[in-house]
Novice: 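Mind having a look at this structure? Questions to follow.
The first residue in the sequence is number 1, and the count goes up from there.
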Amino acid sequence: MGDSSFWHPFAAMGAVRGAEFVLTRGEDVWVWDDAGTRYLDATASLWCVNVGHGRREIADAVHAQMLELATYQTFGDVTNEPVRALTDRLAALAPMPDTKIFLGSGGGDAIDTAAKIAREYFVRTGEPERTVLISRTNAYHGTHGFGTSLGGIPPNRLAAPFVPDVVQVAHDDADALDAEIRRIGPEKVAMFIAEPVIGAGGVIPPEPGYLERAAAVCAQHGVMFVADSVICGFGRLGSWFGVERFGLQPDMIVFAKGVTSGYVPLGGLVVSARVAAPFWDEPGTAAFRHGATYAGHPTACAAALANLDIIDREDLLDRAVKLEDELHAALGTLTDHPLVAEVRGGTGVLGAVELDPERLAADPSIVARVAMAARTRGVLVRPMLGALAVSPPLTVQTEHLDLLVDAVRVGLDAAAAR
Ligand SMILES: Cc1ncc(COP(=O)(O)O)c(C=O)c1O
């Protein structure tokens, strides 16, 4: 395959150029490349194709909407039917009462929006000195400005200097969060953000009670608690917003990915009634001067509505609850492999197979080689620092999990033999 002008995200282009992997088609848990070879999509693209590929219903909804009103901006008083239907539906599904929904095109811009709403909320409520944003080690919040600064994966943080007033705490220690807020001074802290299950930072489920305690610490200090459910929402953790199983009622929930199962770019924020109030409740309040051309894009919203219909009709939330144990057990069979240090997961339909750190130190290319060997066996898994990540569509069947584990084991054997 010849060179292309496409600069891939998160790619070493010197190696990728001329050696791209071209996908042409998708159907349920499968995708095909340009040579007609079929692969199990064990990562649901990037943790997002929750309903599986090739759903005609979503394509039809997009087609129908495009013929009606393909696109229009929503600044000021302008709106459209799909965005009204989608935001009412999301607000009704949210675990907090009377929420408002802000929309954009993906997770990264929703993260930036959350940070700006948090800071502006405190300006509007008379605490403008609350500017500090707290995130966690191993966090991934996208690659926009705020998200890069909030991220806790060291190699992603090379583009310094960052947004000011962003600090990090250990991802598993609510006491450290409490201590950090006290050290900074609660009157200076605007928000704390956490993924319910850390995704790109290694698939790290929370310690029992951690999220509940972190939320309580935030409440105690008047700090906003923001859940980044970009991966965890829309079934990945067996619920709509990935926070329900922990009994959380965050001040804001960031979502993207599974809201359309990735068919069309869409992301946004669920904003609690309290946080929305200073922007909504008085006729004379100033506009929040933030938002993108594609906020409330009618075609993206039509895709989301069709996707939610599928999740509802096929009970994919309940299915995910059952799948999480099955996936964890399947991946757990790999722990006996000498190259495997640990298998993480068990909270939601996502997992990671962490390779032995000594072997990795000796040969950092091992993860990519195992993933490539699995691909040769017809299974797509994602190399992620020292681990292989999996997050299949929520329609995955037991036989697919068997295929996944077999292919990873073959890849591990090949890497171990070298
Ligand atoms: C937890 C989390 N937040 C935010 C993002 C950024 O979303 P996007 O890639 O749509 O900008 C991601 C992307 O993987 C994510 O996993």
Side-chain angles (χ1 to χ4, degrees), residues 7-12 43 45-48 104-119 131-174 176-177 180-181 184 189-206 210-211 214 218 223-233 236 242-243 250-258 265 267-269 344 348 350 352 354 364 367 382-387 389 391:
W7 187 339
H8 297 225
F10 278 91
T43 61
S45 180
L46 262 183
W47 337 77
C48 60
S105 298
D109 62 275
I111 292 285
D112 275 26
T113 304
K116 288 173 75 174
I117 288 180
R119 285 183 175 170
T131 56
V132 176
L133 313 172
I134 304 181
S135 62
R136 301 192 294 163
T137 54
N138 292 71
Y140 184 78
H141 300 294
T143 51
H144 287 44
F146 282 99
T148 303
S149 302
L150 291 163
I153 302 173
N156 295 352
R157 294 177 52 83
L158 301 178
F162 295 108
V163 173
D165 290 354
V166 177
V167 300
Q168 284 194 334
V169 293
H171 66 73
D172 52 359
D173 187 349
L177 171 65
E180 185 62 12
I181 293 173
I184 298 163
V189 183
M191 81 173 199
F192 168 68
I193 186 164
E195 297 157 81
V197 171
I198 288 176
V203 183
I204 309 175
Y210 164 80
L211 287 168
C218 290
V223 170
M224 270 187 213
F225 178 77
V226 180
D228 180 349
S229 292
V230 166
I231 287 177
C232 296
R236 186 70 44 205
V243 295
D251 294 298
M252 291 188 266
I253 305 173
V254 184
F255 62 85
K257 297 191 189 279
L269 278 180
R344 285 188 298 273
L350 66 172
E354 183 80 32
V367 184
R382 204 174 128 63
M384 202 179 59
L385 301 175
S391 55

Novice: Identify the two heavy atoms, one from Leu133 and one from Ala115, that lie closest to each other, and give their separation to 0.1 Å.
Specialist: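 Distance-wise, the nearest heavy atoms are CD1-CB, 3.9 Å.
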Novice: Just how far is it from atom SG of Cys232 to atom CZ of Phe255, taken to the nearest 0.5 Å?
Specialist: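 So the SG of Cys232 and the CZ of Phe255 are separated by 14.5 Å.
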Novice: If you compare all heavy atoms of His171 against all heavy atoms of Ile204, which two are closest, and at what distance to 0.1 Å?
Specialist: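 That closest heavy-atom pairing would be CE1-CG2, 3.8 Å.
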Novice: Backbone N or O of Ile184 within a donor-acceptor pair of the Glu180 side chain at under 3.5 Å?
Specialist: no
Novice: Between Asn138 and Gly201 (side chain of the first, backbone of the second, donor and acceptor by atom type, cut-off under 3.5 Å), is there such a pair?
Specialist: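 Present.
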Novice: Rounded to the nearest 0.5 Å, how far apart are CE of Met191 and CE of Met252?
Specialist: 6.5 Å
Novice: Going by atom type alone, with no hydrogens or angles, which donor-acceptor pairs under 3.5 Å involve a side-chain atom of residues 106-114 and a protein atom two or more places apart or on another chain?
Specialist:
| residue | atom | partner | partner atom | Å |
| --- | --- | --- | --- | --- |
| Asp109 | OD1 | Ser105 | N | 3.4 |
| Asp109 | OD1 | Gly106 | N | 2.9 |
| Asp109 | OD2 | Ser105 | N | 3.1 |
| Asp112 | OD1 | Phe146 | N | 3.1 |
| Thr113 | OG1 | Asp109 | O | 2.8 |
| Thr113 | OG1 | His290 | NE2 | 2.7 |

Novice: Grab the two heavy atoms, one from Ser391 and one from Leu350, that are nearest each other, plus how far apart they are.
Specialist: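 Looking at all heavy atoms of both residues, the shortest contact is CB-CB, 4.1 Å.
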Novice: What distance separates Glu195 CD from His141 NE2, expressed to the nearest 0.5 Å?
Specialist: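 Spacing of CD (Glu195) from NE2 (His141) equals 5.0 Å.
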Novice: To the nearest 0.5 Å, what is the distance between CG on Leu177 and CG on Asp172?
Specialist: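 Answer for the CG-CG pair, Leu177 versus Asp172, is 12.0 Å.
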Novice: Quick check: does any side chain N or O of Arg382 sit under 3.5 Å from a backbone N or O of Ser45, one acting as donor and the other as acceptor?
Specialist: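 Between the backbone of Ser45 and the side chain of Arg382 there is no qualifying donor-acceptor contact (under 3.5 Å).
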Novice: Short question: side chain of Arg136, backbone of Ala170 - any donor-acceptor pair under 3.5 Å?
Specialist: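 No; judged by distance alone, with no hydrogens or angles, the pair does not exist.
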Novice: Any donor-acceptor pair under 3.5 Å linking the side chain of Asp251 with the backbone of Phe225?
Specialist: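 Side chain of Asp251 to backbone of Phe225: a pair is present.
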Novice: Please name all residues satisfying side chain to side chain donor-acceptor pair (under 3.5 Å) with Arg344, sequence neighbours left out, ordered by chain then number.
Specialist: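 Arg344: side chain to side chain donor-acceptor pair (under 3.5 Å) contacts with Glu342, Glu354.
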Novice: Report yes or no: does Gln168 contribute a side-chain atom to a donor-acceptor pair with the main-chain N or O of Ile134 at less than 3.5 Å?
Specialist: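 Between the backbone of Ile134 and the side chain of Gln168 there is no qualifying donor-acceptor contact (under 3.5 Å).
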Novice: Can you name the nearest heavy-atom pair linking Leu211 to Pro196, along with the distance?
Specialist: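 Looking at all heavy atoms of both residues, the closest pair is CD1-O, 3.6 Å.
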Novice: Side-chain atoms of residues 150-163: list all donor-acceptor pairs with protein atoms under 3.5 Å, sequence neighbours left out, distances to 0.1 Å.
Specialist:
| residue | atom | partner | partner atom | Å |
| --- | --- | --- | --- | --- |
| Arg157 | NH1 | Ser149 | O | 2.7 |
| Arg157 | NH1 | Gly151 | O | 2.7 |

Novice: Roughly how far, to the nearest 0.5 Å, is SG of Cys218 from CE of Met224?
Specialist: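 The distance works out to 11.0 Å.
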